[in-house]
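We count residues from 1, following the sequence as given. Remember, it's a predicted structure, so these values are computed and weren't measured experimentally.
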Amino acid sequence: MINNEELPIGFTMELARHSDALIRFSNMEKNEQQSIINQAREVKSRSEMRHLVESIK
């Protein structure tokens, strides 16, 4: 399980708005989750974060 302190706040907020992406993210392997988290840390805008979360498959 990933510690919430590791998650960027904007990423957490977008996941809360997209329950389907949250479920998919929760079911990913730890290394896949870490890859998404690393991408989220590079995001520069709210719309970019929304796009990242919506792209979780």
Determine, step by step, whether L52 and E48 satisfy the side chain to side chain contact (heavy atoms under 4.5 Å, CB included) criterion, reporting the C-alpha distance in whole Å, the side-chain angles of both residues, the deciding distance to 0.1 Å, and the verdict.
CA-CA 6 Å; L52 174 64; E48 194 177 343; over 6 Å; no

Hey, are N38 and Q34 close enough side-chain-wise for a donor-acceptor pair under 3.5 Å?
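Per modelled atom types, Q34 and N38 side chains form a pair under 3.5 Å.
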
Decide yes or no on side chain to side chain contact (heavy atoms under 4.5 Å, CB included) for R50 and S47, but give the supporting numbers first.
CA-CA 5 Å; R50 185 177 325 114; S47 63; 4.1 Å; yes

Nearest 0.5 Å please: distance from the [atom1] atom of [X] over to the [atom2] atom of [Y].
X   : Y   : atom1 : atom2 : result
R41 : L7  : CZ    : CG    : 8.0 Å
H18 : I56 : NE2   : CD1   : 9.5 Å
F11 : M49 : CZ    : CE    : 7.5 Å

For R46, all residues meeting side-chain hydrogen bond (donor to acceptor under 3.5 Å, both in side chains), sequence neighbours excluded:
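R46 satisfies side-chain hydrogen bond (donor to acceptor under 3.5 Å, both in side chains) with no other residue.
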
Please name the pair of heavy atoms, one in I37 and one in P8, separated by the smallest distance, quoted to 0.1 Å.
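So the minimum-distance heavy-atom pair works out to CG2-CD, 4.1 Å.
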
Is there a side chain to side chain contact (heavy atoms under 4.5 Å, CB included) between I9 and M13 once you walk through the steps?
CA-CA 6 Å; I9 188 70; M13 292 173 67; 4.0 Å; yes

